[in-house]
Amino acid sequence: MLNVKLICVGKMKEKHYISAFEEYKKRLGAYCKFELVELAEQRLPENPSEKEIHAALEKEAVEIEKHIPSGAALCAMCIEGDMKSSTELAAVFEKWTNSGKSKICFVIGGSCGLAGRIKSLADLCLSMSRMTFPHHLARVMVGEQIYRAFTIIEGSKYHK
């Protein structure tokens, strides 16, 4: 069974986001072994300098790297990444699994994004949109798209 890990910087507190994400997490159990890892976001002053932001992202990167499974296909969620349709994302999943990958790892950064070194490690940098979303909503959206990719691959009616 495929292992899928979602690493997120920041902890969800809002019950409506938690509930929505838990629904997709439950559904994913039929398709993969799914794991969520929440990492602490570095605290920054009210108006951080570029240097302070860079230092915070580097500290977060150290923690992120500890949780990326060895040999996993890595997808970094970032605004400057490629935009793909749901069917294109499903095709990427198939490509990875057909090439022998048994682990897929998604990373969602905190409010300042991801360190460049995490993006450079990624097999795919993926953007959901040029629009900005709350990071906790992005987590729900990524969970849903992972689920949708599996349903597209199996040919179910979920994806219309």
Side-chain angles (χ1 to χ4, degrees), residues 1-39 41 60-61 63-160:
M1 180 173 266
L2 187 64
N3 291 290
V4 177
K5 181 182 265 191
L6 176 58
I7 301 170
C8 299
V9 176
K11 299 193 184 284
M12 277 204 287
K13 296 178 182 103
E14 301 91 344
K15 289 181 182 178
H16 55 283
Y17 289 138
I18 293 169
S19 177
F21 181 79
E22 287 298 318
E23 177 61 27
Y24 292 110
K25 183 178 175 184
K26 180 179 79 175
R27 291 181 186 190
L28 282 167
Y31 297 97
C32 65
K33 181 180 175 207
F34 183 80
E35 180 184 1
L36 169 67
V37 174
E38 289 183 317
L39 302 174
E41 187 169 10
E60 291 170 358
E63 293 305 309
I64 290 168
E65 286 176 324
K66 290 177 185 177
H67 293 278
I68 298 171
S70 177
L74 180 62
C75 180
M77 302 302 299
C78 50
I79 196 152
E80 70 276 11
D82 296 335
M83 285 191 246
K84 297 199 175 293
S85 69
S86 297
T87 53
E88 289 170 331
L89 181 60
V92 169
F93 270 44
E94 283 189 300
K95 178 183 162 197
W96 285 340
T97 57
N98 290 339
S99 70
K101 297 284 184 183
S102 62
K103 302 172 196 167
I104 298 174
C105 182
F106 285 79
V107 179
I108 300 174
S111 59
C112 292
L114 289 169
R117 74 180 204 213
I118 298 297
K119 296 175 200 177
S120 68
L121 290 173
D123 297 286
L124 173 66
C125 288
L126 185 64
S127 174
M128 288 185 281
S129 171
R130 292 186 328 227
M131 293 185 276
T132 302
F133 299 103
H135 280 74
H136 297 154
L137 178 57
R139 186 184 308 188
V140 175
M141 293 167 65
V142 168
E144 192 279 338
Q145 285 299 299
I146 294 169
Y147 173 71
R148 184 175 295 272
F150 282 115
T151 64
I152 289 168
I153 291 166
E154 83 168 354
S156 79
K157 293 182 179 185
Y158 179 80
H159 179 72
K160 297 175 185 153

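- Taking the side chain as every heavy atom from C-beta outward, K84 and L124 approach each other to under 4.5 Å.
- Counting all heavy atoms, side chain and backbone alike, A73 lies closest to W96 at CB-CD2, 3.4 Å.
- Defined by atom type and a distance below 3.5 Å, a donor-acceptor pair is missing between the side-chain atoms of E80 and S127.
- With a 4.5 Å cut-off on side-chain heavy atoms, L36 and C8 count as touching.
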Show your reasoning for whether ring-ring contact (aromatic ring centres under 6.0 Å, His included) applies to F93 and F150.
CA-CA 8 Å; F93 270 44; F150 282 115; 5.5 Å; yes
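- With contacts defined as side-chain heavy-atom distances shorter than 4.5 Å, the pair I153/T97 does not qualify.
- Put simply, the residue from M12, K26, H136, M141 that forms a side chain to side chain contact (heavy atoms under 4.5 Å, CB included) with F21 is M12.
- Between I118 atom CD1 and E63 atom CD the span is 10.5 Å, to the nearest 0.5 Å.
- Rounding to the nearest 0.5 angstrom, the gap separating the CD atom in E35 from the NZ atom in K5 is 4.0 Å.
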Would you sort out whether R139 and L6 count as a side chain to side chain contact (heavy atoms under 4.5 Å, CB included), showing the intermediate values?
CA-CA 9 Å; R139 186 184 308 188; L6 176 58; 3.9 Å; yes
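- To the nearest 0.5 Å, atom CG of residue L2 and atom CD1 of residue I104 are 4.5 Å apart.
- Side chain of H135 to backbone of G110: a donor-acceptor contact under 3.5 angstrom is found.
- Taking CD1 of I146 as the reference point, atom CG of L89 lies at 8.0 Å (rounded to 0.5 Å).
- The aromatic rings of Y147 and Y31 sit perpendicular, their planes meeting at an angle over 60°, well past the 30° parallel limit.
- Atom CG of L74 and atom NZ of K119 lie 12.5 Å apart (nearest 0.5 Å).
- Considering only heavy atoms from C-beta on, N3 stays 4.5 Å or farther from P69 through its side chain.
- Atom CZ in R27 sits 8.0 Å away from atom CD in E144 (nearest 0.5 Å).
- Between S120 and R117, the shortest heavy-atom distance links the atoms OG-O, 2.9 Å.
- The shortest heavy-atom contact between L126 and D82 is CD1-O, 3.2 Å.
- Counting non-hydrogen atoms of other residues, nucleotides and ligands closer than 6.0 Å to CE of M1 gives a total above 12.
- The two residues A149 and A90 make their nearest non-hydrogen contact at O-CB, 3.7 Å.
- The shortest side-chain heavy-atom distance between V142 and M128 falls under the 4.5 Å cut-off.
- Heavy atoms only, all atoms of each residue included: C32 and V4 are closest at SG-CG2, 3.8 Å.
- Shown here for D123 and A72, the closest heavy-atom pair between the two residues is OD2-O, 3.8 Å.
- F106 has its side chain within reach of M77: a pair of non-hydrogen atoms, C-beta onward, lies under 4.5 Å apart.
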